[in-house]
Amino acid sequence: MSQRIRRVLNVAEKPSVAKAVSEILSSPRKPSMREGRSRYNKIYEFEYTICGKLCHMSFTSVTGHLMEMDFEERYRKWGSCDPVSLYELPIRKFVPDDKLDIKRTLEEEARRCDWLILWLDCDREGENIAYEVIDVCTAVNNRLQISRAKFSALIVSEIIDAVQNLIQPNKNKADAVDARQEIDLRIGASFTRFQTILLKDSFVIDVYGNDGRNMVLSYGPCQFPTLGFIVERYWEIQAHEPEEFWMINCSHASEDGTSNFNWVRGHLFDYTSAVIVYEMCVQEPTATVVNVKEQRKFKHPPHPLNTIELEKRASRYYRMSSEHTMKVAEDLYQAGFISYPRTETDSFSEKTDLRGIVQQQQQHPVWGTYAQQLLDPGTELWRNPSNGGHDDKAHPPIHPTKFSAGESNWTQDHSRVYELVVRHFLACVSQPAVGAETVVEIDIAGELFSTTGRMIIARNYLDVYRFENWGGSVIPQYVFGQQFMPTSLTLDSGITRPPPLLSEADLLNCMDKAGIGTDATMHDHIKKLLDRCYATKDANMRFSPTTLGEALVMGYDDMGYQLWKPYLRAQMELDMKDVSEGKKSKTAVLKDCLEQMESCFRDARLKKEELLKAMGIFFERSNRAGGVDQHIGGEVVRRCPVCNESDMVLRQKQDGNFMVGCLGYPQCRNAVWLPGSILEAAVTTQTCSSCTPAPVFMIQFKFRRMDIPPNFDANHLGCIGGCDNILRQLRDICGTGSRSSVSSAPTRGNGPTAASNNTQRANTTTRQGPVTCTHCRQTGHSSNECQTRMPRPQASQSRTRNPQSGETLVTCDKCGAPCPLREANTENNRGRKFYSCQSRECNFFKWADSIDTRAGTEAMGSSRSASSNTSSAARRGGRGRGRASVRGGSGSRSGGRTSRARAAPTGNTCVSATGEPISVGMECVFCGELHPASTCPSRARR
DNA sequence: GCAAGGTC
């Protein structure tokens, strides 16, 4: 009796894998290929025997995720609900329209098969996509047997291993991705809607030709920390206070060449100390060689190439953006010239045929000879590649897969990226460069100086990796005990410089270290910041925040939240890891994380003034409709007890009066009209302990003193659920305020209002209730003391340090703190610079152009010394005086480079061993007279 | 109109 052939549906994550695996398994034959519903996702067919059973294999693919996650249609419109409800509203996973053809293919194939084998990438996302495929297939055929193939590279042995050792899909890993998707969506959507609605119409946001009207001020758990890196570096630069330092340099010229010796101390910030040491050296300038150390040094080739390194190196070597690099790499991959370009892996599997890859490159006109040398055992150039320590278990490092000496349809960038991939690969399998390094140490009057010479013995990989260099420097030979007279001995000054703006490679580094994004998405996050006008990239490929980007980060920072820091993402990643390892359940992680973020969102909304203030620093207020008090929805107070379908929200009407109305209006007309004497009202995170159905959020009211009787408090934390006697009394006394609404109130309510209907309980409206944290909603501590809240960033203090603005330093006349220099962006003063105190309590403000430079400098000098109890400030004072007497120093210093304290030989001239005069002098660095500085009378006076 | 993650 013949065995029934099993029909197996195989699904890969991408078309190329379906093709490659089919070709491997059907070898030496070719699989037959037919079209599916989707033009990209072909179906390959062949016979194959799995564990002794003959199978008819149909092999097709998806293109990444088959499904999307989003809110139900009715909540996708921004005005449809309060953004805070986005933490609870139902979410659905569905196949979007552009993937429906793939879904149909899967359904049709699944109906005909009895076994489904999933060939998705072996990472978390792959596992999640596997379940998306399972959902679609089992919906039409619930008898399907389901298996998972685990493979880490498209290599014959790996693939055969995988198909003969099938495993089960991993639900934990898939759950982790579901949780991540839901958290990202809820946080992203809520904060994006909140800040866009709050700010877009309240300010004239005219950044880079965008008038702001169509702007989306997005927030995302990856894009915002990426912006945070850029802003933080920018603030660091602004806050940098240059400090002058001093160092002694020595040179020695002989017939064999010149050596420049560096002071082993490096440099000193204390000028007087440096001068004293310098004078000692000048008085006894004979140098004695105290150490000659010779050693062999190696410069190692890079690890195998992964995505982030490709992006970083293309940015450094070719000034290509990461986003463009990935586009070009994708083209090369699609055309078969390089391997899959989205990989974390930087080590080759032992099974990879590395020599075969080199072999392909032997015919290249430029690096072909090098490839030939590599394969020639006589050259001993070959070395097995190093292991970078990363393996995503899904893809090999990026390497060439097909030879090309350039294609007619390639742009220059295609050629460049291909060249980088090939040269990098050839470098990886090459010996390191070898050099002989000599370090010579000399002693002058007890001070040590050293110099290093390097001779390159074998360039090895450097011959092919033209992007790297290893400078050789020749120095004359020295022997231990040798003595000589320096050719020059100078006291030089330098100045500390701020770090540079972040380059693309720096930014990718920061993201990589903090776990922001994946290798496949990092460049997208960077591009998003540019698209959203949060950051710009200058001609040197370095990033600065725009005023919009800075204002947003500043706003959240001032709220005390680290939403712009990478910690939130890092914590989420840890949680996801726990879910994927089965240590935590998806439900528990979702609950914890979303509760915390909802609480954070509510608190941020209460502190929206901070965001408005930060924006107000850079942008002019707009008189467009919408904005702060008319934002859609309002803040949710409770679920409507009448219709039980919609939320009731706090609203301020155009006439300034407040009410709490049902979002289901006009179908549900339930409303609570509030006293007309209310000046301000804001929903808090505290809930009423008596009103039902819970929760009913309490509202913090501020009444107009003049409008309420003297025995009532102007500040009142009240409840609109009906339990609040004070609110009821004030409403009786003051009316509902809105002259027009008084008569309309009864008609709008569909029944008795909640306030008049509910059972009232005396004394439940506490004026001095227990302290409640607005962050975690627990009682007994304030939000500032909350343990669950992430610590306030120390880095924000850097912004409170002195900014560097030429020689100008302005301190607050109230608190004495240094004030950062900012640039106004209002219509009347756009581009005008000003100083303002970081502390808003001080209210200190000064236009930069209103400060008289001369008088200002004097005043600043005094304020600087007034607040300068630190040693650093003392150093500043000392240097300031010293600087005035150093000739030739201050002029060149403004260029920011190391300047010579001594320009020319004077007075006492030493003679070198060769009889030439050497430029050491006894000109006093304080007063310029010819005597040692240590005996200077002017110094003594000071 | 919102996120981040796959992928073409």
Side-chain angles (χ1 to χ4, degrees), chain A residues 11-19 38-42 61-71 75-81 83 86-87 89 91 93 95-96 98-99 101-102 120-121 123-133 173-174 176-197 200-201 212-226 326-327 329-331 333-335 340-343 392 394-395 511 515-528 531-532 563 568-569 572-573 576 594 597 601 632:
Chain A
V11 183
E13 191 163 321
K14 41 193 161 278
S16 59
V17 172
K19 183 168 185 275
S38 151
R39 57 185 286 221
Y40 299 110
N41 305 83
K42 317 287 183 195
S61 55
V62 288
T63 46
H65 278 287
L66 183 59
M67 295 182 170
E68 276 181 13
M69 194 178 261
D70 209 342
F71 296 101
Y75 298 116
R76 289 201 210 172
K77 281 270 177 218
W78 285 26
S80 62
C81 59
L86 297 176
Y87 285 93
L89 287 173
I91 274 178
K93 250 189 135 175
V95 179
D98 63 344
K99 299 277 176 79
D101 46 5
I102 299 176
L120 286 311
D121 291 355
D123 53 18
R124 232 159 51 188
E125 298 295 332
E127 220 62 45
N128 188 270
I129 299 169
Y131 277 89
E132 293 174 357
V133 173
K173 286 187 180 177
V177 172
D178 276 340
R180 193 264 309 150
Q181 286 178 343
E182 186 173 336
I183 291 167
D184 284 346
L185 174 63
R186 292 188 189 277
I187 296 175
S190 59
F191 274 93
T192 300
R193 290 185 191 186
F194 158 65
Q195 64 186 28
T196 306
I197 292 166
K200 192 179 74 171
D201 289 329
R213 283 165 193 264
N214 299 316
M215 284 189 104
V216 171
L217 306 187
S218 61
Y219 174 88
C222 284
Q223 54 177 274
F224 230 62
T226 306
M326 290 311 289
K327 263 192 192 135
E330 179 68 28
D331 288 346
Y333 163 67
Q334 289 299 329
Y340 189 67
R342 289 181 283 271
T343 174
D392 62 15
H395 309 286
M511 296 170 76
I516 301 295
T518 67
D519 47 287
T521 61
M522 281 182 185
H523 63 273
D524 283 336
H525 300 311
I526 296 174
K527 183 169 183 292
K528 187 159 276 178
D531 292 345
R532 296 275 189 231
L563 293 168
L568 173 65
R569 193 69 187 175
M572 277 168 61
E573 277 301 319
M576 294 314 113
L594 290 175
M597 284 311 295
F601 179 81
I632 304 164

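Just so it is clear, the structure is predicted and the values come from calculations on it, not from any experiment. All chains are named by letter (A, B, ...) in the order of the sequence lines, taking the proteins before the strands, and each is independently numbered beginning at 1.
- Residue A:Glu125 is in sugar-phosphate contact alone, with no base atom involved, counting any heavy-atom pair closer than 4.0 Å across all strands shown.
- In the set B:dA4, B:dG1, B:dC8, the nucleotide with an atom closest to the side chain of A:Thr196 is B:dG1.
- With contacts defined as side-chain heavy-atom distances shorter than 4.5 Å, the pair A:Asp70/A:Arg76 qualifies.
- In this structure, A:Lys327 reaches neither bases nor backbone, as no heavy-atom distance under 4.0 Å exists between it and the strands shown.
- Across all strands, A:Tyr219 comes closer than 4.0 Å only to sugar-phosphate atoms, never to a base (heavy-atom distances).
- Using a 4.0 Å cut-off, no side-chain N or O of A:Lys99 falls inside it from OP1 or OP2 of B:dT7.
- Among the heavy atoms of the strands lying under 4.0 Å from A:Arg180 is at least one base atom, whether or not backbone atoms are also near.
- Distances from the side chain of A:Trp78 to the nucleotides B:dC2, B:dT7, B:dA4 place B:dC2 closest.
- Within 6.0 Å of NZ in A:Lys527 there are 12 or fewer heavy atoms belonging to other residues, nucleotides or ligands.
- Of the candidates B:dG6, B:dT7, B:dA4, B:dG6 carries the atom nearest the A:His65 side chain, counting heavy atoms from C-beta on.
- Rounding to whole angstrom units, CD1 of residue A:Ile526 and P of B:dG5 are separated by 13 Å.
- In this structure a side-chain-to-backbone donor-acceptor pair under 3.5 Å is missing from A:Ser190 to A:Pro83.
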Would A:Ser16 and A:Tyr333 satisfy side chain to side chain donor-acceptor pair (under 3.5 Å), going step by step from the backbone distance to the final call? CA-CA 10 Å; A:Ser16 59; A:Tyr333 163 67; 2.5 Å; yes
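- The interatomic distance linking A:Asp519 (CG) with B:dA4 (P) rounds to 16 Å, in whole Å.
- Side chain of A:Phe71, nearest nucleotide from B:dA4, B:dC2, B:dG6: B:dC2.
- We find that CG of A:Asp98 is positioned 17 Å from P of B:dG6, with the value rounded to whole Å.
- Checking B:dT7, B:dC2, B:dG5 against the side-chain heavy atoms of A:Val216 singles out B:dC2 as nearest.
- Side chain of A:Thr63, nearest nucleotide from B:dG6, B:dA4, B:dC8: B:dC8.
- Each of A:Arg342 and A:Arg193 was assigned the nucleotide of DNA chain B with the nearest heavy atom; the assignment lying further toward the 5' end belongs to A:Arg193.
- A:Arg532 has a side-chain polar atom (N or O) that falls below the 4.0 Å cut-off from OP1 or OP2 of B:dC2.
- Here the side chain of A:Lys200 is nearest to one of B:dG1, B:dA3, B:dC2, namely B:dG1.
- Between the NE2 atom of A:His523 and the C1' atom of B:dA4 there is a distance of 12 Å, given to the nearest Å.
- Distance from the side chain of A:Ser218 is smallest for B:dC2 among the nucleotides B:dT7, B:dA4, B:dC2.
- Put simply, A:Thr521 has a side-chain N or O that comes within less than 4.0 Å of OP1 or OP2 on B:dG5.
- Using a 4.0 Å heavy-atom distance criterion, A:Phe224 is classed as making no nucleic acid contact.
- Side-chain proximity of A:Ile102 to B:dA4, B:dC8, B:dG1: nearest is B:dC8.
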